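One structure below.
Model, not experiment: these values are computed from the prediction.
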Amino acid sequence: MRPVPVSARVAGILLLALGLRLYAVRAASVEPSADAADYSRLAEALVDGRGYINPQGGPTAFRAPGYAAFLAVTYWVVGKDHVAAGYVQAMVGVVTVVLMMLLARMLLGPGEALLSGLIAAIYPVFFWMPRLLLSENLAMPFVLGTLCLAILILRRQRHIPALAVALGVVCALGVYVRTINLPIAALLLGCMAVVMWRRGRRRDSLLVPIVAGGLMAISLVPWMLRNQGAFGQAVFTTQNGISLYGAYWPPYTGSRPNWNLPGDEDPDVAAVHRQNLNEAESSAAFSRLTKEKLRRQPRVFFALIPAKLLSLAAPLDWDFLPRAAGQTRSINFGYVIVVAFGLFGAYLVYRNPPADAWLLAFLPVCVLIQAVFFFGSPRYRLPAESTAVLLACHAVMHLRRKSATV
């Protein structure tokens, strides 16, 4: 019997990925609520020509504009229909699977590439996600694409300026989708510079950060100038202040922090809101308030770290998976299996590291830092879960090769 060609296997994996995502949108689409409803409202306002506005009709920069702009283009093409937008996101999800395969191929090998594509195609969080209007749908391919470009730059000696430009563009788009991608991109460029310097590529170690970082910085200027005109401050987002405050004084459900943004039930939050500040001023006020309270209560920073890490690592899902009526969370069995094998895969990489193995640790470390300084949540560990899938596939392929030699 002739073996199935690799191209046919890849095509089958991509068809499976698309089919599952289309099914998820059709079978379990829900009316946008919370963050999804806000993104949908922003997109509708853009389509209607009313601008990027808050519910009161004034300018806003509370959310990075990239995902809302993507959703606006989608609405303009398919109509203001969140189900149709979900179908578009299903196709974006297939791009994520392709990038997972490319990343695994470059870091681990061809066997891991095919298996990573298969697991990414059927991994529950990944294939249920397109049914929801959340920025993670667009953020994932940008993050993975950034890592793929980073590997090309680290391993090639030619076309480095062009690749640096491409890296800067992808990083900039990622920042416009999720603001947290800005420090992640800066850290990645710094790490790449160190690696290239140590490999004797002194010119490239300076060229890549300057070109990619400079292009990324320049691309942020138009949005910041718009916010300068709207709020009197050249900020990129106005969510940082309340997010920082909520990282240390979150609302509680019983004795457990729930890591949502605090509201007027917190008297300090209510006091800031009573000042009738614009968004940028309010964000700055919350940043000052957080620093002042941490100076008075420095132990809060350390006391919350265990809760943040437990929330980050919990095998639960509050956002992406369908839930039974009346339930607020689901058990993420796929995550449990992937992490179990992924830990073994991480051990194998540690024992016998492939070229550029540090990139397999990069996203988990970024997620961990984010959790310690801001907050931990299963929703925000998605980039690390993509790495866990790669490592789990590495473990499975190792066991398969070992069993074949017995």
* Would you check, one step at a time, whether the test side chain to side chain donor-acceptor pair (under 3.5 Å) holds for Asp266 with Tyr245? => CA-CA 11 Å; Asp266 183 321; Tyr245 181 85; 2.7 Å; yes
* Would you check if the distance from the ring center of Tyr380 to the ring center of Phe375 is below 6.0 Å? => yes
* Residues which pass side chain to side chain donor-acceptor pair (under 3.5 Å) with Thr60, listed by chain and number, not counting sequence neighbours -> Glu279
* To do: Determine whether the aromatic ring centres of Phe286 and His273 lie less than 6.0 Å apart.
  => yes
Please list, one pair per line, the donor and acceptor atoms closer than 3.5 Å that link side chains of residues 139-147 to other protein atoms, with sequence neighbours excluded.
from: Thr146; atom 1: OG1; to: Phe142; atom 2: O; distance (Å): 2.8

* Asked: So, Glu281 side chain and Asn278 main chain: donor-acceptor pair closer than 3.5 Å or not?
  -> yes
* To do: Please confirm whether the backbone N or O of Phe236 pairs with a side-chain atom of Trp223, one donor and one acceptor, at under 3.5 Å?
  => yes
* Structure fact -> Nearest heavy-atom contact between Ile160 and Ile153 is CD1-O, 3.9 Å
* Asked: Mind checking whether Phe126 and Tyr123 have parallel, tilted or perpendicular rings, split at 30° and 60°?
  -> perpendicular
* To do: Would you confirm whether Thr237, through its side chain, and Phe62, through its main-chain N or O, come within 3.5 Å as a donor-acceptor pair?
  => yes
* Would you indicate whether the side-chain heavy atoms of Leu359 and Leu154 approach each other to under 4.5 Å? => yes
* Can you tell if the side chain of Val300 reaches within under 4.5 Å of the side chain of Gln297, non-hydrogen atoms only? -> yes
* Asked: Under 4.5 Å between any side-chain heavy atoms of Val177 and Phe70, yes or no?
  -> no
* From CE (Met397) to NE2 (His394), nearest 0.5 Å -> 10.0 Å
* To do: Without swapping roles, check the side chain of Ser40 against the backbone of Ala36 for a donor-acceptor pair under 3.5 Å.
  => no
* Would you say Ser377 and Leu312 make side-chain contact, with heavy atoms under 4.5 Å? -> no
* Can a cation-pi geometry be assigned to Arg63 and Tyr39, taking NZ or CZ under 6.0 Å from the six-membered ring centre and within 45° of the ring axis? -> yes
* Asked: Could you give all pairs that pass the salt bridge (charged side-chain N to carboxylate O under 4.0 Å, His left out) test and reach residues 368-386, with sequence neighbours left out?
  -> Asp35-Arg379, Glu136-Arg379, Arg381-Glu385
* Asked: Is the backbone of Gly263 close enough, under 3.5 Å, to the side chain of Glu265 for a donor and an acceptor to pair up by distance?
  -> yes
* **Straight-line distance of Leu321 CG to Phe333 CZ, nearest 0.5 Å** => 10.5 Å
* To do: Using a strict 4.0 Å threshold on nitrogen-to-oxygen distance, state whether Asp48 and Lys80 make a salt bridge.
  => yes
* Between Arg155 and Ala355, is there a donor-acceptor pair closer than 3.5 Å when you use the side chain of the first and the backbone of the second? -> yes
* Kindly indicate, with the supporting measurements, whether the criterion side chain to side chain donor-acceptor pair (under 3.5 Å) is fulfilled by Tyr252 and Arg256. => CA-CA 5 Å; Tyr252 278 76; Arg256 180 178 61 83; over 6 Å; no
* Structure fact -> Note: Leu182 and Met216 closest approach over all heavy atoms is CD1-CE, 4.1 Å
* Structure fact -> Tightest non-hydrogen contact, residues Val389 and Val338, listed as N-CG1, 3.7 Å
* Kindly indicate whether the side chain of His398, heavy atoms from C-beta on, has any atom under 4.5 Å from the side chain of Phe341. => no
* Heavy-atom donor-acceptor pair, Tyr52 side chain to Ala45 backbone, under 3.5 Å -> no
* **Candidate pair Ile242 and Ser283, rule side-chain contact (heavy atoms from CB on, under 4.5 Å), full reasoning** => CA-CA 6 Å; Ile242 187 63; Ser283 181; over 6 Å; no
* Donor-acceptor contact present, side-chain Asn227 to main-chain Gln233, <3.5 Å -> no
* Provide the closest heavy-atom pair for Leu133 versus Ala85 in the form atom of the first, atom of the second, distance. => CD2-CB, 4.0 Å
* Stepwise salt bridge (Lys or Arg N to Asp or Glu O under 4.0 Å) test for Asp204 and Arg199 -> CA-CA 10 Å; Asp204 291 342; Arg199 292 177 181 177; over 6 Å; no
* Determine whether Met192 and Leu167 make a side-chain contact, defined as any pair of heavy atoms from C-beta on separated by less than 4.5 Å. => yes
* Would you check, one step at a time, whether the test side-chain contact (heavy atoms from CB on, under 4.5 Å) holds for Met101 with Arg105? => CA-CA 6 Å; Met101 296 174 73; Arg105 178 65 181 85; over 6 Å; no
* State whether Tyr248 and Lys308 meet the cation-pi test: NZ (Lys) or CZ (Arg) under 6.0 Å from the six-membered ring centroid, and within 45° of the perpendicular axis. => yes
* Value rounded to 0.5 Å, distance of OH in Tyr87 from CG in Asp81 -> 8.5 Å
* To do: Quick one: do Leu42 and Leu46 satisfy side-chain contact (heavy atoms from CB on, under 4.5 Å)? Show the steps, please.
  => CA-CA 6 Å; Leu42 289 166; Leu46 288 173; 5.6 Å; no
* side chain to side chain donor-acceptor pair (under 3.5 Å) evaluation trace for Arg178 with Ser135 -> CA-CA 7 Å; Arg178 288 184 70 82; Ser135 62; 2.9 Å; yes
* **Spacing of CD belonging to Glu112 relative to CE belonging to Met106, to within rounding of 0.5 Å** => 14.0 Å
* **Asn181 (side chain) donor-acceptor with Gly174 (main chain) under 3.5 angstrom** => yes
* **Residue pair Phe344 / Ala395: nearest heavy atoms and the distance that separates them** => CD2-CB, 3.6 Å
* Which of parallel (below 30°), tilted (30 to 60°) and perpendicular (above 60°) describes Trp358 and Phe362? -> perpendicular
* Asked: Got a donor-acceptor contact below 3.5 angstrom from the Arg202 side chain to the Trp197 backbone?
  -> yes
* Do you know the tightest heavy-atom contact between Ile53 and Gly57? -> CG2-O, 3.7 Å
* Asked: Do Met129 and Arg21 come within less than 4.5 Å of each other through their side chains, counting heavy atoms only?
  -> no
* Asked: Given Val77 and Val88, is the side-chain contact (heavy atoms from CB on, under 4.5 Å) satisfied, shown in steps?
  -> CA-CA 10 Å; Val77 174; Val88 174; over 6 Å; no
* Are Arg295 and Glu292 close enough that some pair of their side-chain heavy atoms sits under 4.5 Å apart? -> yes
* Asked: Trp128 vs Tyr23 aromatic rings, parallel, tilted or perpendicular, using cut-offs 30° and 60°?
  -> tilted
